Trainee: 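For reference, the structure I am asking about is given below.
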Amino acid sequence: MIGTRHGRVPDWFLKLPDSAMTLNPRAENLLKILIERYISDGQPVGSRTLAKELGNELSPATIRNVMADLEELGLIRAPHTSAGRIPTPLGYRVFVDTLLKVRPLDANEVRRLEGGLLAAPDSGHLMESASSLLSQITRMAGIVMVPRQEQTAVRQIEFLQLSSNRVLAILVTRDGGVHNRVIVTDRQYSPAELVEAANFFNDAYTGRSLAEVKQALLAAMQQDTDAMQHAMRTAMSMARQMFNEPGESESGLVVSGESNLLEMPELGDMRKLRLLFDTFNTKRDLLHLLDQCLRTNGVQIFIGEESGYRALEECSVVAAPYQVDGRIVGMLGVVGPTRMPYEHVISIVDVTARLLGGALSAERP
């Protein structure tokens with residue numbers, strides 16, 4: 001089921017329910033045909049073109065009257081250089097929410113996605129492959145949010161002695177991630193003690209998210225350490241150090257195919273392109289946008305100003321969550337111009353999210 005999330009919605013967007021309710025079947029059909037023709041050709045659509053699409057069922061004069069109504073509602077507009085009309089972001093929103101029929105992917109596209117993901121040797125390469133495949137198939141920019149460690153479940157931990165007071169802690173998560181930390185201890189531990197501590201930790205925390213583990217460790221810090229079992233005390237001491245150590249970023253974004261957007265005439269304004277590419281480079285705004293979707297199932301679509309970011313005002317973002325063990329751990333999607341083939345892009349994003357989640361789940365024991 002397709003869902004939408006509107007981010008920081010501008011005031012004019014709140015007119016949508018009333019505008020959509022006022023459309024009769026004739027106006028809906030004309031809006032649908034106009035948007036589909038504009039997406040296909042990239043040229044403003046005039047009344048004569050619409051009349052031909054309708055098989056001359058309506059006169060150009062009648063069509064012009066309906067188009068005037070659609071323009072008054074803010075669903076279409078006239079570019080300065082043409083007598084034809086093009087959709088507004090609000091028009092695209094009505095189209096996506098009420099008029100669009102999503103086209104399923106054909107078998108060849110699904111096989112291409114499956115093959116590309118199966119070829120990835122580990123979870124890191126899976127993210128890169130998913131982003132690259134999204135870009136290649138849509139000819140737009142593919143984005144994949146790396147799973148947040150806070151949401152990732154623990155698979156196991158190991159403690160290995162390096163020297164008299166240094167221990168290597170190796171944490172493996174169920175998304176296939178491996179995280180290493182060197183821990184400085186207050187005394188030397190025997191190999192048997194380290195194995196016992198790791199076994200205690202794994203028995204207590206395997207399958208729980210990192211966020212839950214951190215909360216449990218914080219609670220353990222407040223207990224009477226003298227009353228703890230020796231293995232528990234050792235495990236808590238080293239695990240707290242590992243989880244409190246500043247390490248690699250807990251979130252990231254893999255971006256592919258930004259250069260595809262240079263070929264889009266709608267995004268030809270250099271000032272806007274510079275803003276857009278700055279957004280791809282810093283990734284912060286895109287990560288924040290995707291982060292808003294993490295608690296919502298289904299495909300999410302931000303059109304133009306709905307994202308709340310100036311750099312994306314001429315773009316649409318189609319995103320979907322991917323899951324590991326039934327838990328949403330990240331988002332992926334496509335960034336492109338508002339004039340995109342939504343019926344195809346939505347299917348690509350949805351299927352890729354499902355396949356990526358399945359591939360990550362398959363990596364766990």
Side-chain angles (χ1 to χ4, degrees), residues 1-17 89-90 92-97 100 102 127 130-131 134-135 138 140-152 175 209-211 249-258 261 272 275-324 326-338 340 342 345-354 356-357 360:
M1 182 176 181
I2 302 301
T4 56
R5 183 176 179 87
H6 304 141
R8 288 174 280 174
V9 183
D11 293 340
W12 57 263
F13 186 75
L14 301 178
K15 299 176 184 177
L16 173 57
L90 185 58
Y92 280 122
R93 173 53 63 190
V94 173
F95 173 72
V96 166
D97 285 353
L100 180 69
V102 177
M127 304 299 151
S131 176
L134 285 168
S135 170
T138 64
M140 299 177 206
I143 55 176
V144 178
M145 174 193 282
V146 176
R148 291 185 182 278
Q149 289 186 19
E150 292 290 333
Q151 298 161 335
T152 302
D175 63 357
S209 72
L210 296 193
S249 172
E250 293 187 344
S251 66
L253 191 72
V254 181
V255 181
S256 300
E258 309 99 304
L261 303 182
K272 293 178 180 178
L275 282 174
L276 182 58
F277 275 76
D278 283 346
T279 298
F280 284 128
N281 288 331
T282 60
K283 301 181 180 180
R284 184 190 63 247
D285 291 345
L286 284 171
L287 276 168
H288 181 264
L289 184 63
L290 293 179
D291 192 55
Q292 295 180 58
C293 307
L294 280 172
R295 296 177 182 85
T296 308
N297 288 316
V299 176
Q300 311 297 305
I301 304 170
F302 296 83
I303 302 173
E305 295 181 10
E306 293 173 14
S307 70
Y309 294 104
R310 184 182 174 194
L312 298 173
E313 286 180 355
E314 304 295 328
C315 297
S316 285
V317 180
V318 180
Y322 60 92
Q323 303 182 7
V324 175
R327 179 184 306 191
I328 294 175
V329 297
M331 298 289 299
L332 58 76
V334 167
V335 180
T338 53
M340 68 165 63
Y342 292 95
V345 172
I346 288 169
S347 292
I348 292 169
V349 169
D350 185 39
V351 171
T352 304
R354 295 174 191 274
L356 177 59
L360 289 169

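The shown structure was predicted, so the numbers you read here are calculated from the model rather than taken from an experiment. Below, each value reflects all heavy atoms present in this structure, side chains not excepted, and no hydrogens, waters or symmetry copies.
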Trainee: Could you give the distance from CD1 (I143) to CG (L290), rounded to the nearest 0.5 Å?
Mentor: 4.5 Å
Trainee: Mind checking whether Y342 and I303 have side chains closer than 4.5 Å, heavy atoms only?
Mentor: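 Yes; the side chains approach each other to less than 4.5 Å.
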Trainee: Would you check if the side chain of T338 reaches a backbone N or O of G304 as a donor-acceptor pair within less than 3.5 Å?
Mentor: no
Trainee: Rounded to the nearest 0.5 Å, what separates atom CD1 in I346 from atom CD1 in I301?
Mentor: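 Rounded to the nearest 0.5 Å, the CD1-CD1 separation comes to 3.5 Å.
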Trainee: Under a 3.5 Å distance rule, please check whether N281 uses its side chain to pair with a backbone N or O of F277 as donor and acceptor.
Mentor: yes
Trainee: Identify the two heavy atoms, one from L253 and one from K283, that lie closest to each other, and give their separation to 0.1 Å.
Mentor: O-NZ, 2.7 Å
Trainee: Tell me the closest heavy-atom pair linking G298 and P321, and the distance in Å.
Mentor: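 Reported closest heavy-atom pair: O-CD, 3.3 Å.
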Trainee: Heavy-atom distance under 4.5 Å between the side chains of F302 and C293, does that happen here?
Mentor: yes
Trainee: Are Y322 and V144 close enough, and set up right, to give a side-chain contact (heavy atoms from CB on, under 4.5 Å), and what steps lead you there?
Mentor: CA-CA 10 Å; Y322 60 92; V144 178; 4.3 Å; yes
Trainee: Quick check for you: to the nearest 0.5 Å, what is the distance between E305 atom CD and R310 atom CZ?
Mentor: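 These two atoms lie 11.5 Å from each other.
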Trainee: Going by salt bridge (charged side-chain N to carboxylate O under 4.0 Å, His left out), name the pairs with one or both residues in residues 312-323, residues two or more places apart or in two chains.
Mentor: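 Non-adjacent pairs meeting salt bridge (charged side-chain N to carboxylate O under 4.0 Å, His left out): K272-E314.
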Trainee: Can you measure from CG (L287) to CE (M331) and round to the nearest 0.5 angstrom?
Mentor: 11.5 Å
Trainee: For the residue pair A311 and L275, what are the closest heavy atoms and their distance?
Mentor: CB-O, 3.6 Å
Trainee: Would you say H288 and Q292 make side-chain contact, with heavy atoms under 4.5 Å?
Mentor: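 Counting from C-beta outward, H288 and Q292 do come under 4.5 Å.
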Trainee: Would you name the heavy atoms of G142 and L134 that are closest together and state the gap between them?
Mentor: CA-CB, 4.0 Å
Trainee: Does the side chain of L312 reach to within under 4.5 Å of the side chain of D285, using non-hydrogen atoms?
Mentor: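 They are not in side-chain contact.
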Trainee: Which value, rounded to the nearest 0.5 Å, describes the distance between D291 atom CG and M145 atom CE?
Mentor: 5.0 Å
Trainee: Could you tell me which non-hydrogen atom of V318 sits nearest to which non-hydrogen atom of V349, and how far apart they are?
Mentor: O-CG2, 3.8 Å
Trainee: Applying side-chain hydrogen bond (donor to acceptor under 3.5 Å, both in side chains), name anything that partners S135, two or more places apart in sequence or on another chain.
Mentor: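 side-chain hydrogen bond (donor to acceptor under 3.5 Å, both in side chains) check on S135 returns N260.
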Trainee: With the side chain counted from C-beta on, respond yes when E306 and R93 share a heavy-atom pair under 4.5 Å apart, and no when they do not.
Mentor: yes
Trainee: Answer whether the closest heavy-atom distance between the side chains of I348 and V334 falls below 4.5 Å.
Mentor: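 Side chain of I348 against side chain of V334, heavy atoms only: no contact under 4.5 Å found.
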Trainee: Of the non-hydrogen atoms in A353 and L332, which two are nearest, and what is the gap between them?
Mentor: CA-CD2, 3.7 Å
